[in-house]
There are 2 protein chains.
Amino acid sequence: MPKAPTSADVAREAGVSQSTVSYVMSGKRPISEKTRRRVAEAIDRLTYEPHAGARALAGHRTSTIAVVMPLRQASSAERLMIFVEEFTYAARRRDHDVLLVTADEGAAGLRRVAGRSLCDAIVVMEVGSHDARVETARGLAVPVVFVGIPDDGEGLDCLDFDFEGAGEVIVSELAGLGHRTVDVIGWGEDVHAQGFNYIPRFTAGAERAARRSDVRLRWHRASTGEDVRRAVDNARAASGVPALAVVTAIPETLHALSERRLRPGRDVDVVALTTGFVSEADGLTNVSTRPRDVSRRVMERVFGLIDGDLATRGGADLVPASLTRGGSTRSRPADRPAGPADNHREKEAS
Amino acid sequence: MPKAPTSADVAREAGVSQSTVSYVMSGKRPISEKTRRRVAEAIDRLTYEPHAGARALAGHRTSTIAVVMPLRQASSAERLMIFVEEFTYAARRRDHDVLLVTADEGAAGLRRVAGRSLCDAIVVMEVGSHDARVETARGLAVPVVFVGIPDDGEGLDCLDFDFEGAGEVIVSELAGLGHRTVDVIGWGEDVHAQGFNYIPRFTAGAERAARRSDVRLRWHRASTGEDVRRAVDNARAASGVPALAVVTAIPETLHALSERRLRPGRDVDVVALTTGFVSEADGLTNVSTRPRDVSRRVMERVFGLIDGDLATRGGADLVPASLTRGGSTRSRPADRPAGPADNHREKEAS
DNA sequence: TTGTATGCGTTATCAA
DNA sequence: TTGATAACGCATACAA
């Protein structure tokens with residue numbers, strides 16, 4: 001195993017000084033085309049790669065973004081993987097890497113990765129309404145971007161999907177179909193227990209729309225398939241065509257409906273809050289939480305802060321909710337004619 | 001923003017030399033109890049954290065494990081997240097962090113993270129049967145552990161679930177129930193196209209068991225819900241109770257069966273290859289691919305290599321397949337009496 | 001346009 | 001049991 005070449009080796013090979021090699025790599029000062037070529041060739045010949053640690057030490061930047069994962073049961077695996085993937089790709093486009101941190105390290109994890117100079121910025125996923133990490137973030141030497149909107153996040157960099165708008169648009173849609181009662185298949189007790197801020201936000205939006213449209217919401221916290229079946233039976237007990245807002249356990253819900261011979265879009269109206277782009281959402285009238293858009297905007301913010309763009313700094317951004325009509329809801333009886341042209345239109349949250 | 005304290009600051013605060021601080025932290029030489037305490041207190045007072053880059057530079061180790069992700073559609077998100085989580089937790093237990101690398105960097109990604117001294121070891125997930133990264137790994141200065149069994153992986157460190165055994169045990173189980181034909185709902189064309197080695201391994205095991213038991217296998221490559229429905233209809237066309245081996249798209253399959261009023265364990269025998277611990281697998285007769293066990297063994301191997309345990313080095317390990325009986329298959333007609341006691345027994349692969 | 005020299009914050013060797 | 005001190009490999013201020 002031959003020792004890895006250093007920039008000094010490259011310098012010798014190219015017949016220039018070590019600092020010239022460094023400047024060729026960083027482009028931070030003008031270099032003549034001739035020496036640039038000589039150095040580039042030497043780098044190729046030796047397959048030189050700069051030592052990341054030495055770079056971090058001398059340059060005061062690590063080219064690494066730390067990403068704090070959510071706790072296990074907090075979110076759908078699909079949504080999570082999309083976030084992680086998008087973060088990593090976005091980082092690579094800027095020549096950065098992603099370092100994973102588990103949620104169970106809590107606020108200490110933020111202090112650790114910042115204190116040890118392991119990263120240039122931190123992304124915290126699934127922040128809670130009252131989250132110790134929010135206060136910790138204020139004192140760190142590296143910028144922190146939160147995915148989620150904590151209650152006490154004044155002046156911090158927060159970004160999330162607009163769950164409030166989603167609640168609103170989903171309930172409005174069902175109200176527009178003439179329903180006076182909507183059964184919500186909502187997050188389970190276990191998820192509620194985590195205190196994620198998106199739950200109260202979704203709830204607030206849904207309740208606001210319900211008040212405005214004079215609709216009654218019945219909330220069901222569903223963790224298991226049994227919970228889902230109970231909720232579906234409950235919805236069916238009302239007279240007329242039941243209305244379901246499904247924010248979790250979509251496959252289980254569809255399965256329960258199928259067991260009961262209830263065809264979405266005919267015997268029951270279903271609007272789903274979808275978290276990924278998986279087949280479960282095929283053809284459903286749904287609001288997507290747009291994980292890719294959220295991820296991209298998060299990373300734009302991250303690099304904005306790293307680059308020192310003060311314009312990017314502070315405040316909460318929301319990725320707007322929009323509804324896509326599919327086959328799981330009936331066409332409007334009153335204000336428009338039924339027909340296939342009615343499907344797959346989009347409707348923005350107010 | 002005050003500058004971060006260094007070990008020299010700690011030394012001054014504690015009234016000792018800088019090297020003593022270093023030795024207190026590493027425990028690499030005996031320290032008197034008195035100075036250990038003084039130093040520890042100083043570290044606390046200053047909330048000192050060692051600079052990771054400086055450590056890597058001077059110590060020739062990074063305390064980081066690079067994990068190369070699979071391509072997007074390669075695996076179920078649940079399985080992936082379990083791997084990533086387990087890797088990260090295992091790393092933390094040994095005071096290491098995890099750096100993510102995307103599959104699209106290919107072999108160059110391995111060279112990059114190794115060459116830049118970004119990690120002490122690399123884990124490559126979802127290796128293909130013929131994978132350029134295998135050859136690259138042989139020339140690297142850091143150990144590489146592969147999840148998967150490449151064809152040309154002689155002498156490399158490989159580890160995976162025993163997909164061959166899984167194919168065998170699944171088909172044997174259905175054969176034991178008296179079936180002469182088994183329909184396999186298998187990975188879609190898109191997954192096949194990636195050339196993952198686990199597909200031929202599963203196939204080989206299934207075919208071997210089929211030959212032994214004189215069973216005919218009908219393979220269906222299912223990417224979409226439509227593919228699944230077609231496969232199910234195909235299985236139903238045969239006389240008698242259909243037998244299904246479901247290795248992908250479990251929810252879609254259950255849904256298709258439910259649509260057709262086929263109750264698993266009564267009108268159809270279903271054995272599933274499950275990739276996560278999600279509700280989809282509830283009560284099914286299944287073989288789990290045991291992602292947690294695989295992850296743990298991978299990380300044991302990683303740290304074995306880092307620690308220089310030569311006993312750990314080289315060769316392929318398989319995590320054995322075992323079948324758990326559930327309600328989706330009928331009890332044995334011949335060699336045992338039917339009954340609830342028959343459920344949830346385990347059966348190892350031969 | 002290029003070279004020289006210093007410092008970044010550790011680890012580890014050599015002395016004491 | 002502890003203290004000086006020399007690397008480690010790069011970035012950058014200062015000179016030329």
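For the numbers below, each heavy atom of this structure counts, side chains included, while hydrogens, waters and symmetry mates do not. Here is the naming used below: chain letters follow the sequence lines, and residue numbers restart at 1 for every chain.
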Practice task
To the nearest Å, give me how far apart NE2 (A:His60) and P (C:dT6) are.
Solution key: 17 Å
Exercise for the section: Quickly work out the B:Ile31 CD1 to D:dG3 C1' distance and round it to whole Å. Expected result: 11 Å
Practice task
Nearest whole angstrom, please: distance from the P of C:dG9 to the CG of A:Leu57.
Solution key: 7 Å
Problem - Bend angle of the helix from C:dT1-D:dA16 to C:dA16-D:dT1, end axes from five pairs each (to 10°) - result: 30°
Practice task
Using only side-chain N and O atoms of B:Ser32, determine if any of them is under 4.0 Å from OP1 or OP2 of D:dT2.
Solution key: yes
Problem - Salt-bridge contact B:Glu41-B:Arg38 (side-chain N to carboxylate O under 4.0 Å) - result: no
Completion exercise
Taken to the nearest whole Å, CG/B:Leu46 to P/C:dG9 is 14 Å
Problem - NZ/NE/NH1/NH2 to OD/OE distance under 4.0 Å, B:Arg297 and B:Glu300 - result: no
Exercise for the section: Could you note down all residue pairs passing ring-ring contact (aromatic ring centres under 6.0 Å, His included) where residues 23-67 of chain B supplies at least one of them, sequence neighbours left out? Expected result: none
Problem - Heavy-atom side-chain contact between B:Thr64 and B:Leu118 under 4.5 Å - result: no
Problem - nucleotides 10-16 of chain D: protein proximity per nucleotide (B base, S sugar-phosphate only, - neither; heavy atom, under 4.0 Å) - result: BBBBB--
Exercise for the section: Using a strict 4.0 Å threshold on nitrogen-to-oxygen distance, state whether A:Arg112 and B:Asp95 make a salt bridge. Expected result: no
Handout entry: NZ/NE/NH1/NH2 to OD/OE distance under 4.0 Å, A:Glu49 and B:Arg111
Key = no
Exercise for the section: Return the orientation label for the A:Tyr198 and A:Phe196 ring planes: parallel under 30°, perpendicular over 60°, tilted otherwise. Expected result: parallel
Handout entry: Whole angstrom value for the distance that separates C1' of D:dG9 from CG of A:Asp9
Key = 10 Å
Problem - Pairing of B:Arg301 and B:Asp317 as salt bridge, 4.0 angstrom limit - result: yes
